[in-house]
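Before any comments, here is the structure.
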Amino acid sequence: MSQDLWELDAVGQAALVKSGEVSALDLVDAAIARIETLEPVVHALASVDFDAAREKARARPSGPLGGVPFLIKDVLAYPGHKLTMGSRLFRDYIAPAGSPYTEQLDAAGLVTLGKTTTSEFGLLGSTETLLAGITRNPWDLTKSALGSSGGAAAAVASGMVPVAHASDGGGSIRIPASACGLFGFKPGHKRCVPTGYVDTFELVIDHCVSRSVRDSAFLLSLTEDPSAHPRVGYVDRPLDRKLRIGVYSTTLLGRAPDPEVMRALSQTMRLCADLGHEVVEAPPPPVDGVLLSEAFFDSAGAAMHEVVRTMESMLGRPVGEDDLEPFTLALIHHSRSLPEGAEARAKATVAHASARMLSYMESYDVLLCPTLPVAPYDLGTLAPHLDRELLIRRTEVLAGYTPIYSMAGVPAMSVPLGSSESGLPLGSHFAAPLGQEATLLGLAYQLEAAAPWRHRWPAVTRATRERASASVLG
């Protein structure tokens, strides 16, 4: 083979198994070897069960992705695996059952090796928890992989697995995908089969982070919920029509992106124009980002308050600072000071913003903006022990573009087209109206062909490849 197994995407790995060139166990053993080399450096995993994975691989799993090694974000229940949600409160909890979503993953033939790290309950945009520790960005180990799907992004970016489960309720697929140089696609509202989450605003959607567009497109076709929407199916080729692409750069809180981010956005605009699309300037979305931020964090605090009440009744003791991170406790404390009706007003705020966003998007086939207004944060910038107000302000900067697309329920994606002056990835964010997943995926194939990114690997990955080659030659 001209490539090591870990350099192939999931579709490529599955094809080798189908042809008989390798076995499912070969793929799983190769992934385990990569994890054992990279995990001490990157720390993307919350837990593993290699024995169960090898047992499943020996059984020759069927399905279109039969034998491909996979990781699941530690907010999703998977039978027999821990489900901590990044919290010490659930450090010992083992999920007794999965969900229709995990049943589809199993039917696809994916072999789950373990769970990836996440911020506590997915509340913060960096994966640094008191339970699991710090997840590092493979492109620069002093930087955050961001979050809340930071473990999934770090695992795929470093080459542990070709594709990993991730979830997104405000940018948690797209933000770490941008930081780690991956393709991060967020399907539209209720596009995929249910996972069993309790979600106040019904924002969260499950999918993946991947190195290739086809892996994301293929997995989407395997996890669609045909009872909720007409099927998208497997989008397997570039778009064949011209799009009207509206471009804006100011965040919902009125912040301009850093100069290097603006340069990357300009390059993406030129690339889209060169592909034959009509690229036009668009005004910023007519949405009040301050009100949305308040609504989100106030409701998150109220939801955490309910979790605490439930757990205290089950445990027969108070839940406190040994169970939850300071930021989570501060959100709960703040929620208790809110006037009656605050949660209803928050839901009304989100509904109003969603309606305005959907109306705004009607003028364009696709909207383009940066995924992040800044380069990935240093580790510690969003550490959960910092002051609540400081963390919220920093989160508002980081998530200046992505949340409104979750609230509107439309499909969106981060595409790894740019880089900072220091070589850190910078994603370009595209979104389309409701039901237009195929439009975005077709555009993504065009971008992937015109400006390929799959050959780019971070230094930590190149170093392990060079050591492996030296060992063979030695």
Side-chain angles (χ1 to χ4, degrees), residues 8-12 15 156-157 162-163 168 173-174 177-178 180-188 191 207-222 224 231-249 261-282 361 363-372 401-402 405 410-419 425-457:
L8 300 174
D9 68 356
V11 172
V156 175
V163 61
D168 191 314
I173 287 175
R174 293 159 288 159
S178 176
C180 295
L182 300 176
F183 181 65
F185 188 85
K186 182 196 82 68
R191 172 60 64 187
H207 191 40
C208 69
V209 287
S210 64
R211 293 193 60 81
S212 70
V213 174
R214 70 177 182 177
D215 275 2
S216 187
F218 193 41
L219 188 60
L220 179 63
S221 73
L222 300 175
E224 283 190 86
R231 289 183 61 86
V232 175
Y234 178 28
V235 180
D236 63 353
R237 65 197 65 189
L239 203 66
D240 60 359
R241 62 186 177 90
K242 177 180 177 179
L243 299 175
R244 175 177 166 83
I245 300 177
V247 185
Y248 69 95
S249 60
V261 174
M262 192 66 219
R263 284 194 292 272
L265 179 63
S266 297
Q267 292 169 359
T268 299
M269 292 169 62
R270 289 194 293 273
L271 177 60
C272 290
D274 290 344
L275 290 170
H277 301 297
E278 179 189 7
V279 179
V280 299
E281 183 177 352
M361 294 184 73
S363 299
Y364 311 98
D365 295 312
V366 167
L367 281 171
L368 166 64
C369 63
T371 307
L372 303 173
Y401 300 107
T402 56
Y405 296 101
V410 299
M413 63 185 183
S414 181
V415 185
L417 297 173
S419 60
L426 297 174
S428 294
H429 188 276
F430 298 84
L434 290 170
Q436 294 301 308
E437 281 87 353
T439 298
L440 284 185
L441 289 168
L443 174 59
Y445 277 115
Q446 284 188 319
L447 296 168
E448 185 182 38
W453 57 78
R454 283 172 57 187
H455 63 286
R456 300 199 299 262
W457 293 93

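Along the sequence shown, residues carry numbers from 1.
- Leu447 contributes atom CG, which lies 5.5 Å from atom SG of Cys272 (distance to the nearest 0.5 angstrom).
- Summarising the geometry of Pro370 relative to Leu265, their closest heavy-atom pair is CD-CD2, 3.9 Å, with the distance given to 0.1 Å.
- You'll find the side chain of Leu443 reaches within 4.5 Å of the side chain of His277, heavy atoms only.
- Rounded to the nearest 0.5 angstrom, Leu368 CG and Leu243 CG are separated by 11.5 Å.
- A heavy-atom distance below 4.5 Å is found between the side chains of Val213 and Trp453.
- Taking the side chain as every heavy atom from C-beta outward, Arg454 and Glu448 approach each other to under 4.5 Å.
- When side chains are defined from C-beta on, Thr371 does not count as touching Val261, because their heavy atoms never get closer than 4.5 Å.
- At a threshold of 4.5 Å between non-hydrogen side-chain atoms, the residues Leu239 and Leu275 do not count as touching.
- The nearest pair of heavy atoms linking Leu426 to Ala264 is CD1-CB, 4.2 Å.
- Scanning all heavy atoms of the two residues, the minimum distance from Val410 to Pro433 falls at CG1-C, 4.2 Å.
- Under the 3.5 Å distance criterion, the side-chain polar atoms of Asp168 are matched with a main-chain donor or acceptor of Ile173.
- Contact detail for Ser414 and Gly427: the closest heavy-atom pair is OG-CA, 3.7 Å.
- In this structure, the separation between CG on Leu441 and CZ on Phe185 is 4.0 Å, given to the nearest 0.5 Å.
- The main-chain N or O of Asp9 is never found under 3.5 Å from a side-chain atom of Arg211 such that the two would form a donor-acceptor pair.
- In this structure, the side chain of Arg456 does not engage the main chain of Pro425 through any donor-acceptor pair within 3.5 Å.
- Nearest heavy-atom pair, Glu224 versus Val232, reported as atom, atom and distance to 0.1 Å: OE1-N, 2.6 Å.
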For side chain to side chain donor-acceptor pair (under 3.5 Å), just list the numbers for Ser363 and Arg244, CA-CA rounded to whole Å, side-chain angles, deciding distance to a tenth of an Å, and then say yes or no. CA-CA 9 Å; Ser363 299; Arg244 175 177 166 83; over 6 Å; no

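- For Glu278 (side chain) and Lys242 (main-chain N/O), no donor-acceptor pair under 3.5 Å exists by modelled atom type.
- Taken to the nearest 0.5 Å, the NE2 atom of His207 stands 5.5 Å off from the CG atom of Leu219.
- A distance of 10.5 Å separates CZ of Arg191 from NZ of Lys186, quoted to the nearest 0.5 Å.
- Without hydrogens or angle criteria, Tyr401 side chain to Ser249 main chain gives a donor-acceptor distance under 3.5 Å.
- With Asp236 contributing its side chain and Arg214 its backbone, the two residues share no donor-acceptor pair below 3.5 Å.
- Distance alone, capped at 3.5 Å, places no donor-acceptor pair between the His429 side chain and the Thr402 backbone.
- Side-chain contact between Ser210 and Ser216: present, with at least one pair of heavy atoms (C-beta onward) separated by less than 4.5 Å.
- With hydrogens and angles disregarded, a donor-acceptor distance shorter than 3.5 Å links the side chain of Ser266 to the backbone of Met262.
- Within 6.0 Å of the CZ atom in Arg231, the count of heavy atoms belonging to other residues, nucleotides or ligands exceeds 12.
- Inter-residue side-chain proximity for Val209 and Phe183 is flagged as unmet; no heavy-atom pair is nearer than 4.5 Å.
- Tyr445 places a side-chain N or O within 3.5 Å of a backbone atom of Val235 that can act as its donor or acceptor partner.
- Gln436 places no side-chain N or O within 3.5 Å of a backbone atom of Pro411 that could act as its donor or acceptor partner.
- In this structure, the side chains of Gln267 and Leu417 stay at 4.5 Å or more apart for every pair of heavy atoms.
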